[in-house]
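Reading through the structure tokens given below for one structure.
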Amino acid sequence: MRTRIGKWKLKTQILVSMVIMTIFATCSLGVSTWMVSKKIIEENYTKTYESNLRSFNSAIDSKLEAVTELIRSEVLSDDICNILREDNSTGSTYFPTSASWTLNRMAISLESQSNLIDAVFLFDDQGRYQQHFRGEKDSSKYQKFYGSADITHEAWYRKAAEQKGKECFFGYNVLIPEDTKGKVSLVKQIRSPVDREVLGMLVVRLTNSFLRSSLVGNSREFASDTLLIIDENYPERVVYNTGSEQENEDMIRYYLENGPENNSAYLFTTGTNLTTGWKVVNGIARSDLSKDSVYVGTTVTVAAVFILLICILLSSMLSKRINQPLHKLEKVLEEVKQGSRNITEEFDDGEIGSIGNTLKETVNHNIELKERVLELNLKERESELLLLQAQINPHFLYNTLDSIYCQAKLKDENGIAEMVNDLSETFKISLNKGQQKITIAEEVEYIQRYMKIQDVRYQGRFELIMEIEEEIMSLHIIKLILQPFVENAMYHGLEPKIGSGFVEIKGERMEDDLYFSVSDNGVGMKTLDEIYAGYGIRNVVDRIHLFYGEEYGIEVTSEFGAGTRVDIHIPVMKEERDSYDNVGDH
């Protein structure tokens, strides 16, 4: 596959690459946008219904608190407590007539003050029973409590007894559990407010209309949006739900089986009512809630397709534009291949154009270099002939200087003889039999003989100071690296100076580098450009760069009227460095 793609034209490769990247980018953007929008919609829905559930619970608490306060004030009155304390030695299940009238008045008073109260049932601790219904109701199902029906074994009775007078709420009709007509039970153990004596059990049947009237913000905007109220004491009991049983059967079963945490199919928002202890749950099918995110996803998909088409068009135009200079570059390479002597193709200022211009200049430059190499080869042959001829001149010069030396000795002119001998030796060192490298010791000797000649000329005005490490004297450097700076110090620094002066030379090795300095206390320079005015110094710098590399060279510091210092930095010869390392290993 890779080989097949490599055979495509560059224009096609660019186009395909840009289309693939565009598809990837648009798909990534679409998916991420859809996921983010879905998450935001769910978070906003959850936050909204968390607030609604708090308001709903607050409304329920307010209404039930009013009912409980009303019941406490009526049931715990002295008259009711005295009736419940009356002895029932006969074992009757009915209250006496006068007591029954009083209890009925109490029940009627409760009904008149709260439209939530649907019926009142009173059991005293001596087996008597009293019931009262709002309006005319079928009470036949409750007649059994006048007989031998025992309620003390019921779970709701035991729970109310455990609360010791605190009201308990149940999400169904505790006396007739099969009655599923939206009833809620309030059960309260009656205790004397004076001595906390247990007097009986009160059951108040409430209508669940207070739940419907407490709803906040459940507008049924979504088909599956449902509010569930579940009595956790009896998990199978749904106290209230806003939808029909058929519509919400799946959601209720899913919640009861899986709980609110397993919300892959439905999104649940839960809360607990403090007064009743019931679980208040708002649920919605994720598929119903994601309709808006699906709309967002569809919109993004359409936009992505549109962007993709535009990108394909732009990619085609751009790849064609990029391919133009490449076509020119291919043409240039073909001309080079055919041996063209001069490339005239013009390129733009882009990156590929720069490559084309560089290639064109390189080809033309290489042609020029080839011609220059041929010319240099001819000149090199001429130079070799001149060099062979020039070798005759040093021998003539040495023989002449030796003759002058012998004549000076015969006539006892020892000063002249010594000066001629020093001059002869300096020539020998500078020529060095045609070799480029000499030892540092030989360079030092050359400088010393040169200074002896100058000492005669200037009658001892100038002093030479040497501070070079002894262990580096045997190392090799290219010849005449230090002497030109000594000569420059003499002629341009010390000669214009009034009185005596000195030239100081220092040398040391630091790891694999050599550091020299040549300093004088002459007249100094106004500008550092003056040191490069002559040919000698520039020649030294060029030779250092050519032989050692551009990273090595000299650094000049000078103070006008105080002197000049030249620092020279060169490396130790590689073969001597390796030899030194091998010695260290032994």
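Numbering of residues begins at 1 and proceeds along the displayed sequence.
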Measuring from L528:CG to T557:OG1, what's the distance to the nearest 0.5 Å?
8.0 Å
Within a strict 4.5 Å, meaning less than it, do heavy atoms of the I568 and F485 side chains meet?
yes
With side chains defined as the heavy atoms from C-beta onward, is the minimum distance between V503 and I465 less than 4.5 Å?
no
Quick one: does E443's side chain have a donor or acceptor within less than 3.5 Å of a partner on K479's backbone?
no
In this structure, CE of M451 is separated from CE of M466 (nearest 0.5 Å) by 8.5 Å
Hey, does I468 have a side-chain heavy atom less than 4.5 Å from the side chain of V444?
yes
Whether the side chain of R565 engages the backbone of D567 through a donor-acceptor N/O pair (distance < 3.5 Å, no angle test) should be reported.
no
Evaluate whether atom CD of E508 has more than 12 neighbouring non-hydrogen atoms of other residues, nucleotides or ligands under 6.0 angstrom away.
yes
Determine yes or no for a side-chain-to-main-chain donor-acceptor pair under 3.5 angstrom, with S558 supplying the side chain and M525 the backbone.
yes
If you define the side chain from C-beta out and look only at heavy atoms, does anything of M573 sit under 4.5 Å from L475?
no
Donor-acceptor contact present, side-chain E442 to main-chain T439, <3.5 Å:
yes
Using modelled atom types and a 3.5 Å cut-off, is there a donor and acceptor pairing between side-chain atoms of R543 and backbone atoms of L480?
yes
Check the surroundings of atom CD in E471: do more than 12 heavy atoms from other residues, nucleotides or ligands lie under 6.0 Å from it?
yes
Where do I544 and I481 land on the side-chain contact (heavy atoms from CB on, under 4.5 Å) test, with the steps shown first?
CA-CA 8 Å; I544 290 175; I481 247 185; 4.0 Å; yes
Is the closest side-chain donor-acceptor distance between S517 and K506 under 3.5 Å?
no
Interatomic spacing from CG in N57 to CZ in R54 - rounded to 0.5 Å
10.0 Å
Correct closest heavy-atom pair for Y552 and H569 would be CB-O, 3.3 Å
Taking all heavy atoms of P571 and all of D513, pick out the closest pair and write down the distance.
CA-OD1, 3.7 Å
Taking all heavy atoms of I477 and all of Y548, pick out the closest pair and write down the distance.
CA-OH, 3.6 Å
How about T564 and N488: do any of their side-chain heavy atoms sit closer than 4.5 Å?
no
Counting C-beta onward and ignoring hydrogens, is there a side-chain heavy-atom pair between T272 and V280 closer than 4.5 Å?
no
Take a 6.0 Å sphere around CD of Q459 and say whether it holds more than 12 heavy atoms from other residues, nucleotides or ligands.
no
N521 side, atom CG; K497 side, atom NZ - distance, nearest 0.5 Å:
4.5 Å
For the student: nearest non-hydrogen atoms of L514 and R509, plus distance
CD2-CB, 3.8 Å
Looking at every heavy atom in both G507 and F516, which two are closest together, and how far apart are they?
CA-CD2, 3.7 Å
Below 4.5 Å, heavy atoms only, C-beta onward: do K279 and T270 meet side chain to side chain?
yes
I need the E470 CD to I472 CD1 distance, nearest 0.5 Å.
9.5 Å
Working to the nearest 0.5 Å, report the span between CD of Q454 and CZ of R449.
15.0 Å
Which heavy atom in I537 sits nearest to a heavy atom in P484, and how many Å separate them?
CD1-O, 3.9 Å
Return yes if some donor-acceptor pair links the side-chain N/O of D455 with the main-chain N/O of G460 below 3.5 Å, else return no.
yes
Determine whether more than 12 heavy atoms belonging to other residues, nucleotides or ligands lie under 6.0 Å from atom CD of E469.
yes
V566 and I531: side-chain contact (heavy atoms from CB on, under 4.5 Å), yes or no, with the steps?
CA-CA 10 Å; V566 179; I531 198 169; 3.8 Å; yes
Side chains of F462 and D520: closer than 4.5 Å at any heavy-atom pair?
no
